[in-house]
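Data first, discussion second: the structure below is written as structure tokens.
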Protein chains: 2
Amino acid sequence: MKLSDKSDISMQESVKRLEKECSRAGLKLTHQRIEIYRALLASDEHPTVEMLHKRFKETMPRISFDTVYRTLVTFSEAGIARRVYTSDSQARYEVESVRHHHLVCSKCGSITDFIPAEDPETPAGVEKWGDASRVCLVVEGVCHDCSAG
Amino acid sequence: MKLSDKSDISMQESVKRLEKECSRAGLKLTHQRIEIYRALLASDEHPTVEMLHKRFKETMPRISFDTVYRTLVTFSEAGIARRVYTSDSQARYEVESVRHHHLVCSKCGSITDFIPAEDPETPAGVEKWGDASRVCLVVEGVCHDCSAG
DNA sequence: CTATGTGCAAAGCGTTTGCGACGGT
DNA sequence: ACCGTCGCAAACGCTTTGCACATAG
């Protein structure tokens with residue numbers, strides 16, 4: 001099931017993007033970072049560190065777990081990737097190339113991207129609390145795969 | 001900062017509520033569960049297990065960490081409490097006595113309850129994915145306490 | 001050439017589990 | 001009295017860290 005179009009991005013294109021992001025953030029461009037960035041761009045399943053690491057078995061067999069961890073933390077801090085909200089203990093990440101929201105299946109735990117017809121506005125009254133930078137919609141429910149079996 | 005009114009609930013009232021919930025779910029009513037339930041009802045800071053456990057130092061000094069853990073898992077499964085979505089690794093819980101949403105401060109990590117003028121509707125198109133049971137709004141930003149200093 | 005990033009291994013910390021004792025129904 | 005629950009301690013799994021080497025700028 002795919003409810004958002006993640007336009008395919010070429011290899012070179014993604015490297016260019018990351019190059020820009022890294023120079024902006026003062027980070028070096030390394031093979032590992034490129035590989036992780038590309039994997040995140042290409043994936044729409046909001047991978048865990050483990051999923052990512054497995055995916056590199058072929059393309060980059062010697063990359064270590066801690067590099068994946070460290071890179072994701074680095075990316076998050078630099079605003080290149082974001083850690084996805086879950087009520088799970090395992091961290092999951094995404095690169096938000098297109099503004100979107102999430103559908104979360106309470107059975108299988110899958111997270112599906114979703115682009116609503118209208119993006120939610122910042123609700124009135126929030127200014128009493130502070131400066132809102134972002135409004136996220138999280139729709140909980142059971143996906144068809146799970147309700148079917 | 002308080003953006004929602006958590007009407008104060010008396011001791012007996014909360015025990016009654018839990019009693020109902022437990023009998024519905026086939027759970028026994030124990031001192032520990034009552035204490036944890038009350039603490040969740042009384043608190044609006046979406047406590048972690050650690051925060052809860054500390055809070056019992058006086059009222060119930062011999063309660064163990066694992067009981068707090070187990071009880072919260074039990075409560076979640078029974079729909080008595082819910083685990084709050086965070087991009088943090090530590091689990092946080094709440095009893096949602098009033099339907100509300102969350103303001104999350106990206107600096108201090110605080111979670112503040114928030115009741116918008118209008119509750120968000122299930123966005124059109126979600127039925128293609130599955131059955132939505134709940135729409136959560138998460139507003140990210142920086143709270144006044146943090147922007148002030 | 002220098003500062004940053006990586007790999008390795010080991011530690012850290014939140015969370016879960018097995019088991020015997022306890023307590024609600 | 002019976003079955004669920006609790007407390008204890010030990011295990012578990014995800015994540016982080018210290019250090020020496022490699023690499024980008």
Side-chain angles (χ1 to χ4, degrees), chain A residues 15-16 18-37 39 46-57 59-78 80-93 109, chain B residues 15-16 18-37 39 46-57 59-78 80-93 109:
Chain A
V15 176
K16 252 188 210 163
L18 182 59
E19 202 169 354
K20 242 178 250 168
E21 298 270 27
C22 281
S23 75
R24 182 180 52 72
L27 297 172
K28 290 183 180 174
L29 199 63
T30 65
H31 297 301
Q32 292 86 338
R33 285 180 179 165
I34 292 171
E35 203 61 32
I36 292 169
Y37 186 72
H46 315 82
T48 61
V49 172
E50 198 185 358
M51 291 158 94
L52 282 171
H53 188 252
K54 266 197 194 127
R55 199 155 310 173
F56 299 138
K57 274 279 144 60
T59 49
M60 199 175 231
R62 296 190 47 74
I63 193 172
S64 68
F65 253 104
D66 17 74
T67 297
V68 181
Y69 274 112
R70 262 190 285 225
T71 303
L72 289 170
V73 172
T74 307
F75 279 2
S76 309
E77 286 170 348
I80 297 172
R82 17 188 304 111
R83 183 163 173 182
V84 176
Y85 285 77
T86 64
S87 49
D88 199 27
S89 48
Q90 225 168 334
R92 302 180 68 157
Y93 291 87
Chain B
V15 175
K16 253 189 209 165
L18 182 59
E19 200 167 356
K20 245 179 246 167
E21 298 271 28
C22 281
S23 74
R24 182 181 53 72
L27 297 171
K28 289 185 180 170
L29 200 63
T30 65
H31 296 301
Q32 292 84 341
R33 285 180 179 163
I34 293 172
E35 204 61 31
I36 291 169
Y37 186 73
H46 314 82
T48 62
V49 173
E50 198 186 357
M51 290 157 95
L52 281 171
H53 187 253
K54 266 196 195 128
R55 198 154 313 174
F56 298 139
K57 274 280 146 60
T59 49
M60 199 175 232
R62 296 190 47 74
I63 194 172
S64 68
F65 253 104
D66 17 75
T67 297
V68 182
Y69 275 113
R70 263 190 285 225
T71 303
L72 290 170
V73 172
T74 307
F75 279 1
S76 309
E77 286 169 350
I80 298 172
R82 17 187 305 113
R83 183 164 172 179
V84 176
Y85 285 79
T86 64
S87 49
D88 198 28
S89 47
Q90 226 168 331
R92 303 180 66 157
Y93 292 86

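Just so it is clear: chains get the letters A, B, ... in the order the sequence lines come, proteins before strands, and each one is counted from 1.
Within the 4.0 angstrom heavy-atom criterion, base atoms lie near Ser64(B).
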Next item on the list: Please report the C-alpha distance between Glu21(B) and Arg24(B) in whole Å, then the side-chain angles of each, then the deciding distance to 0.1 Å, and finally whether the salt bridge (Lys or Arg N to Asp or Glu O under 4.0 Å) criterion is met.
Entry: CA-CA 5 Å; Glu21(B) 298 271 28; Arg24(B) 182 181 53 72; 2.4 Å; yes
Next item on the list: Start with the C-alpha distance between Ile80(B) and Leu27(B), add both sets of side-chain angles, then the distance that settles side chain to side chain contact (heavy atoms under 4.5 Å, CB included), and finish with yes or no.
Entry: CA-CA 11 Å; Ile80(B) 298 172; Leu27(B) 297 171; 4.1 Å; yes
Notebook entry, point to check: Taking it one step at a time, do Ile63(A) and Glu35(A) satisfy side chain to side chain contact (heavy atoms under 4.5 Å, CB included)?
Noted result: CA-CA 10 Å; Ile63(A) 193 172; Glu35(A) 203 61 32; 5.5 Å; no
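Within the structure, every side-chain polar atom (N or O) of Tyr69(B) is placed at least 4.0 Å from both OP1 and OP2 of dT16(C). Contact between the side-chain N/O atoms of Arg70(B) and the OP1/OP2 oxygens of dT16(C) is not found at any separation under 4.0 Å. Considering only side-chain N and O atoms, Thr67(A) lies nowhere under 4.0 angstrom from the phosphate OP1 or OP2 of dT6(C).
For the residue pair His53(B) and Phe65(B), the shortest heavy atom distance occurs at ND1-CE1, 3.4 Å. The two atoms that bring Arg92(B) and Gly109(B) nearest to each other are NH1-O, 3.2 Å, heavy atoms only.
The distance from atom CE of Met60(A) to atom C1' of dG5(C) is 12 Å, rounded to the nearest whole Å. Following rounding to the nearest Å, Leu72(A) (CG) and dT6(C) (C1') show an atom-to-atom distance of 15 Å. Across the protein-nucleic acid pair, Asp66(A) atom CG and dA11(C) atom C1' stand 13 Å apart, rounded to whole Å. Atom CD in Glu35(B) sits about 17 Å away from atom C1' in dG24(C), given to the nearest Å.
Proximity of Phe56(A) to Ile36(A): side-chain heavy atoms (C-beta onward) are separated by under 4.5 Å at one or more points. Put simply, the side chain of Leu52(A) does not reach to within 4.5 Å of the side chain of Tyr93(A), judged on heavy atoms. The shortest distance between side-chain heavy atoms of Thr30(A) and Thr71(A) does not fall below 4.5 Å.
Taking a heavy-atom distance under 4.0 Å as the criterion, the stretch of DNA chain D touched by chain A extends 5' to 3' from dC14(D) to dG25(D).
Between Gln32(A) and Gln90(B), the residue anchored nearer the 5' end of DNA chain C, judged by the nucleotide with its closest heavy atom, is Gln32(A). With DNA chain D read from its 5' end, the first of the two nearest nucleotides for Ser89(B) and Arg62(B) is the one closest to Arg62(B).
Legend: residues meeting salt bridge (Lys or Arg N to Asp or Glu O under 4.0 Å) with Arg33(A), ordered by chain and number and at least two apart, are absent.
A heavy atom closer than 4.0 Å to some atom of DNA chain C occurs in Leu27(A), Lys28(A), these being the qualifying members of residues 18-29 of chain A.
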